[in-house]
Amino acid sequence: MPAPARRSPVVTAVPTAGDRRENVLLRELVAVYSHLSGLASQDSDVDGVVRLVAHRTGSAVAVLGPAVDVLAAAPADAGERLADTAVSASLGPVLDAAAQNRRPVSLPGLGAAPGPIVVAPILVGDEVAAHLVTLPPAHPRPADQELDDDLNLLLTEHAATICGIILGREEEVAAAAGRARTDLIEGLLLALDRDDGEAERWAGHLGFVRGTDHHVLSVGLLDGGRASADVARVLALAQQAIGRRLPGAIVAARDTEVVAVVPAPPGRGGGLDGVRSLAERCRAAVLDRHPDAGIVAGVGGCCRTAAEISRSYSEARSAVDAARRMGRAPAVLAFDDLGVHRLLLQVPDLGELRAFATSVLGDLVRDREHRADLVGTLIEWFRCNGSPQRTARELHVHPNTVTYRIRRVEEIAGLRLDHYRDRLMAQLACEILQVLGDVS
């Protein structure tokens, strides 16, 4: 029989130190991947991702917003290291490159950084919402625990992906909450005289306290012909100004206005005057940025229940409409200050109002340039309740001058101001001229 064939001995490769190190690092990478993926499925935030990556790698990690502002950082000095002059000066082009390529970028140390820096874009949908940046450890880890450049790049990219998932989820939640809030506010503004308890529940969700004094504030623009983008920018700034300066206000942006349900400030200077003062400060803040914006604010009457909010809103809108029809931009116009103008504003044809004033005052209206002193004196005379002395003080003239001018008014217009009917029509004509902006 032939002798059996001899088998070749099996040679088992002995892992080298490098192989063992690579296996350890791969296991570490898989563990971190798994932990990061778990964060995405939990109610975590980007701070949790940053802390995890920093803890497992020993790197300094930060999330930078669109304005290169630090949104999250670990350890605490990571933000300071990124603010280093040499690092921050070189980081901008790197962020732009990572955003353009939609891929992480690894580059040699910048400034005082002892090793490579990795920048990965954080994508929410198709938009780059932020960047994840890893800096090498300030105190190097043992060689057998240090990730090589490729593994560090992979880990940073995966962490950025998880951050994108978390930020996207936060945006969706915020958008849903914003839509729900807007729907509640819309319901309160439009639910006129609703008293079935539903409005109170809606208002309660928004922070409205029943029984306390509130006023509805409507902010809009006089010039409806502005470009829509300009209107959007001005109204967005108005919304921010109201949110910062009116604590406790329920604020919503609508198509052509910003609406706020504002609690009246307590104590002296509160009530309508307090709300008017707060609104004036908000308006001034907008004009600081957009000095040419014809921005006007209307304030509705007091409301203490949710069912009254819609009435106050309607009054605030009427005040804004009054400012538009006057053709000028008072700082803030309150509905309670409109007086007889409330009735005048119900007339749709301004020509009818002007025709009435002309029929009452005659040549005083037709020849305003030469009769300005007479019309102005008549208006001030009505304001001073027909007192020549008080009128003279307001106009800085002698009382005899006032008496003479009033007599000339009667002669030119054919009026008897000591008769109730003539006096009423003349005063109404003067109010119309002020509404139309024909006199100051």
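For the numbers below, each heavy atom of this structure counts, side chains included, while hydrogens, waters and symmetry mates do not.
Residues V118 and V105 have side chains not in contact (no heavy-atom distance under 4.5 Å, counting atoms from C-beta outward). Using a 4.5 Å cut-off on side-chain heavy atoms (C-beta onward), C302 and H215 make contact. You'll find the side chain of L378 reaches within 4.5 Å of the side chain of L417, heavy atoms only. At a threshold of 4.5 Å between non-hydrogen side-chain atoms, the residues V209 and T212 count as touching. Inter-residue side-chain proximity for V63 and V70 is flagged as unmet; no heavy-atom pair is nearer than 4.5 Å. The shortest side-chain heavy-atom distance between H290 and L237 falls under the 4.5 Å cut-off. Using a 4.5 Å cut-off on side-chain heavy atoms (C-beta onward), V216 and V259 make contact. Looking at heavy atoms from C-beta onward, P265 lies in side-chain contact with L278 at the 4.5 angstrom threshold.
Summarising the geometry, atom OH belonging to Y313 is positioned 13.5 Å from atom SG belonging to C303; distances are rounded to the nearest 0.5 Å. Taking OG1 of T401 as the reference point, atom CG of L395 lies at 9.5 Å (rounded to 0.5 Å). We find the CD1-CG distance between I185 and L189 to be 7.0 Å, quoted to the nearest 0.5 Å. Here CG of L272 is found 4.5 Å from CZ of R276. Values are rounded to the nearest 0.5 Å. The SG atom of C384 sits 12.0 Å away from atom CD1 of I379, with the distance rounded to the nearest 0.5 Å. For the atom pair L235 CG and R233 CZ, the distance stands at 11.5 Å (nearest 0.5 Å).
A pairwise comparison of heavy atoms in L206 and L188 identifies CD1-CD1, 3.6 Å as the closest pair. Here the closest non-hydrogen pair linking L415 and L361 is CD1-CD2, 4.1 Å. The two residues A319 and A334 have their closest heavy-atom pair at CB-C, 4.3 Å. Closest heavy-atom contact between L364 and V375: O-CG2, 3.6 Å. The two residues G298 and V320 have their closest heavy-atom pair at N-CG2, 3.5 Å. Residue V286 comes nearest to A241 through the heavy atom pair CG2-CB, 4.5 Å, listed as atom of the first residue, atom of the second, then distance.
No more than 12 heavy atoms of other residues, nucleotides or ligands lie within 6.0 Å of CZ in R289, so this atom counts as exposed by the packing criterion. For Q100, the CD atom is loosely surrounded, since the number of other residues' heavy atoms within 6.0 Å does not exceed 12. Within 6.0 Å of the CZ atom in F356, the count of heavy atoms belonging to other residues, nucleotides or ligands exceeds 12. Atom CZ of R102 sits in a crowded spot, with more than 12 heavy atoms from other residues, nucleotides or ligands closer than 6.0 Å. Taking a 6.0 Å sphere around CG of N385, one finds it holds 12 or fewer heavy atoms contributed by other residues, nucleotides or ligands.
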- request: Walk me through it: do V409 and W381 pass the test side chain to side chain contact (heavy atoms under 4.5 Å, CB included)?
  value: CA-CA 11 Å; V409 166; W381 186 74; over 6 Å; no
query: E186 and R254: salt bridge (Lys or Arg N to Asp or Glu O under 4.0 Å), yes or no, with the steps?
result: CA-CA 9 Å; E186 286 286 320; R254 309 187 78 212; 2.6 Å; yes
- request: Show the numbers, then the answer: is there a side chain to side chain contact (heavy atoms under 4.5 Å, CB included) between V296 and L221?
  value: CA-CA 6 Å; V296 60; L221 297 177; over 6 Å; no
task: Under the side chain to side chain contact (heavy atoms under 4.5 Å, CB included) rule, what do D418 and R423 come out as? Steps first, then yes or no, please.
output: CA-CA 7 Å; D418 57 342; R423 184 188 184 102; over 6 Å; no
message: What verdict does the side chain to side chain contact (heavy atoms under 4.5 Å, CB included) test give for V262 and V299, after you've listed the backbone C-alpha separation in whole Å, the side-chain angles of each residue and the deciding distance to 0.1 Å?
response: CA-CA 10 Å; V262 183; V299 183; over 6 Å; no
Distance-only check: which donor-acceptor pairs under 3.5 Å involve side-chain atoms of residues 126-134, not counting sequence neighbours?
{"residue": "H131", "atom": "NE2", "partner": "L95", "partner atom": "O", "Å": "3.1"}

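At least one donor-acceptor pair under 3.5 Å links the side chain of S312 to the backbone N or O of G301. Without hydrogens or angle criteria, S314 side chain to S310 main chain gives no donor-acceptor distance under 3.5 Å. No donor-acceptor pair under 3.5 Å is formed between the side chain of N101 and the backbone N or O of P104.
Salt bridge R283/E280: absent, no basic N to carboxylate O contact under 4.0 Å. Contact check on D213 versus R304 returns a salt bridge, with a Lys/Arg side-chain nitrogen under 4.0 Å from an Asp/Glu carboxylate oxygen. Contact check on R390 versus E380 returns no salt bridge, with no Lys/Arg side-chain nitrogen under 4.0 Å from an Asp/Glu carboxylate oxygen. Taking the charged nitrogens against the carboxylate oxygens, E172 and R169 have no contact shorter than 4.0 Å, which rules out a salt bridge. For the pair E410 and R407, the salt-bridge criterion is not met [side-chain N within less than 4.0 Å of a carboxylate O].
When only modelled atom types and interatomic distance are considered, T358 and R354 share no side-chain donor-acceptor pair under 3.5 Å.
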